[in-house]
There are 2 protein chains.
Amino acid sequence: MSPEDALREAIVSGRLLPNQRLVEADLTRTLGVGRSAVRAALARLEHEGLVEHERNRGARVRLVEEREAVEILEARAALEALAARHAATRAGEADIADLRRILSEMRCLLDRGDLLSASDQNAVLHERLLEIAGHATAGRLISTLKSQLVRFQYRTILVPGRSERSFAEHGRIVDAVAAGDPDAAEAAMQTHLSHVAEALRGAESR
Amino acid sequence: MSPEDALREAIVSGRLLPNQRLVEADLTRTLGVGRSAVRAALARLEHEGLVEHERNRGARVRLVEEREAVEILEARAALEALAARHAATRAGEADIADLRRILSEMRCLLDRGDLLSASDQNAVLHERLLEIAGHATAGRLISTLKSQLVRFQYRTILVPGRSERSFAEHGRIVDAVAAGDPDAAEAAMQTHLSHVAEALRGAESR
DNA sequence: GTTGACAAGATTGTTGACAATCTTCGGGCT
DNA sequence: AGCCCGAAGATTGTCAACAATCTTGTCAAC
């Protein structure tokens with residue numbers, strides 16, 4: 001595993017706490033690579049928004065607090081709506097079948113009460129939509145935004161009734177894409193993610 | 001000036017041609033800094049999408065061709081539309097007066113036939129809107145997207161009648177923001193930038 | 001004439017040491 | 001006691017040298 005991936009994994013998994021200092025010498029030992037590699041990894045992670053870096057003061061794990069999480073989710077919504085629009089115009093028969101397959105998998109997991117796996121399948125659906133959209137720029141931006149939100153990704157699934165509503169929203173997105181209706185797909189994605197933001201705010205303020 | 005800024009400036013100003021190799025040793029002499037600094041700058045610029053980097057093969061200036069430019073513009077449109085929405089709900093009296101001042105400056109420059117300065121003022125307006133929106137995440141993303149488009153930024157102003165239509169579109173955006181109407185502001189920004197994309201496509205295919 | 005291997009040159013990747021900077025700790029002064 | 005100052009320690013920034021890799025040019029074999 002590259003030092004960058006190892007560090008990212010350690011941060012997003014929560015093994016490293018927010019605001020914790022990341023001393024290069026320590027990371028050199030922990031990751032088993034030279035200091036140059038560590039520095040390069042830190043520089044990239046800074047660009048991804050996972051660490052903060054002050055000159056001559058080193059790097060620390062960046063803390064994304066609620067206000068910013070909402071911002072990031074808004075930006076992500078705007079970009080995923082764009083992607084959904086593209087997906088609606090480009091999806092072929094096989095793509096649509098694939099999306100429906102993922103949906104039924106989700107239905108199955110929900111019926112079993114496996115909320116965690118359902119949430120993962122959720123991510124798979126979004127990923128597949130991006131692939132269908134074929135929009136490299138949006139894809140790149142969304143993936144960096146998502147990595148900043150990992151800490152919040154499971155926070156909404158315990159909100160009562162959220163899973164079912166989320167499933168219904170995903171159904172509407174897939175329907176719009178299958179119908180080849182860009183406007184509907186964009187709108188469906190937009191409302192879906194705005195509901196996620198709402199749920200996040202609700203879950204957070206408790 | 002930091003080596004990173006110097007390099008970025010050299011790339012976006014067009015002093016370095018697309019696909020031109022960026023040999024570290026040469027840059028060391030040109031920029032007057034050590035190789036470490038050069039490498040760090042190249043790494044960051046790669047993340048910004050301004051240079052391409054292959055392992056053991058060095059970096060070269062990245063060429064953004066039309067198809068990708070349209071993609072970038074679409075992503076930017078989605079994000080600026082979001083920002084415009086926020087600006088509409090947050091703009092105060094002073095902000096609105098400022099926007100109108102910029103508009104009248106633009107009108108003045110257009111009447112004088114100074115299209116280049118008018119285009120610059122255009123950028124000022126967008127910048128000010130972002131500031132009013134107070135959306136750091138969108139702002140960050142937009143600024144990196146913009147830096148990838150510098151090569152195209154003046155390409156549309158020579159399209160006959162484009163300046164006047166652009167001015168009218170900006171007027172509608174400012175009106176919507178002044179009226180505190182988020183939906184209208186978002187829509188106005190969206191149509192404005194989609195027209196820019198259209199003009200770009202038109203100017204390109206000649 | 002073309003192809004393949006091989007050596008020479010050029011360029012990047014990595015390591016270690018040194019310099020610059022920041023932080024912490026202790027002593028002297030008020 | 002509280003505060004300023006300076007030295008020591010810790011940490012990052014930079015530099016130069018070396019190793020690894022790629023590219024180019026040459027030459028022999030077919």
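Below, chains carry the letters A, B, ... as their sequence lines are ordered, and counting in each starts from 1.
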Check: To the nearest Å, how far apart are B:Leu27 CG and D:dC15 P?
Finding: 14 Å

Next item on the list: May I ask you to evaluate whether A:His53 reaches the phosphate of D:dG13, defined as a side-chain N or O under 4.0 Å from OP1 or OP2?
Entry: yes

Check: Would you call A:Arg162 and A:Glu169 a salt bridge, taking side-chain N to carboxylate O under 4.0 Å as the test?
Finding: yes

Notebook entry, point to check: Tell me, do A:Arg165 and A:His195 make a side-chain contact under 4.5 Å, heavy atoms counted?
Noted result: no

Check: According to the Watson-Crick and G-U wobble definitions, with both distances under 3.5 Å, which nucleotide is paired to D:dC30?
Finding: C:dG1

Margin query: Whole angstroms only, please: what is the CD-C1' distance between A:Glu52 and D:dT12?
Written below: 17 Å

Notebook entry, point to check: In whole angstroms, how far is the C1' atom of C:dA20 from the CD atom of A:Glu54?
Noted result: 17 Å

Checklist line | Below 4.0 Å: OP1/OP2 of C:dT23 and any side-chain N or O of A:Arg57 | finding: yes

Next item on the list: For A:Gln20 and D:dT11, give me the distance from atom CD to atom P, rounded to whole Å.
Entry: 13 Å

Check: So which nucleotide from C:dT11, C:dG13, D:dG13 ends up closest to the side chain of A:Arg39?
Finding: D:dG13

Check: Is the A:His126 ring parallel, tilted or perpendicular to the A:His192 ring (thresholds 30°, 60°)?
Finding: tilted

Check: Are the side chains of B:Thr137 and A:Leu145 in touch, meaning some heavy atoms are under 4.5 Å apart?
Finding: yes

Check: Could you state the CD-C1' distance from B:Glu24 to D:dC15, rounded to the nearest angstrom?
Finding: 14 Å

Margin query: Just the rounded figure in Å: distance from P of C:dA17 to CZ of A:Arg35.
Written below: 12 Å

Next item on the list: Report the residue (B:Gly32 or B:Arg21) whose heavy-atom-nearest nucleotide on DNA chain D is the more 5′ of the two.
Entry: B:Gly32

Note to self: From CZ of B:Arg60 over to P of C:dA10, roughly how many Å is that when rounded to an integer?
What the structure shows: 18 Å

Notebook entry, point to check: Given that both distances must come in under 3.5 Å, which nucleotide forms a Watson-Crick or G-U wobble pair with C:dG13?
Noted result: D:dC18

Check: Can you name the one residue among A:Glu46, A:Arg44, A:Arg60 that meets side-chain contact (heavy atoms from CB on, under 4.5 Å) with A:Val51?
Finding: A:Glu46

Check: Start at the 5' end of DNA chain C and walk down; is the nucleotide closest to B:Ser36 or to B:Leu22 reached first?
Finding: B:Leu22

Item checked: B:Asn56 CG to D:dT24 C1', straight-line distance once rounded to whole Å -> 17 Å

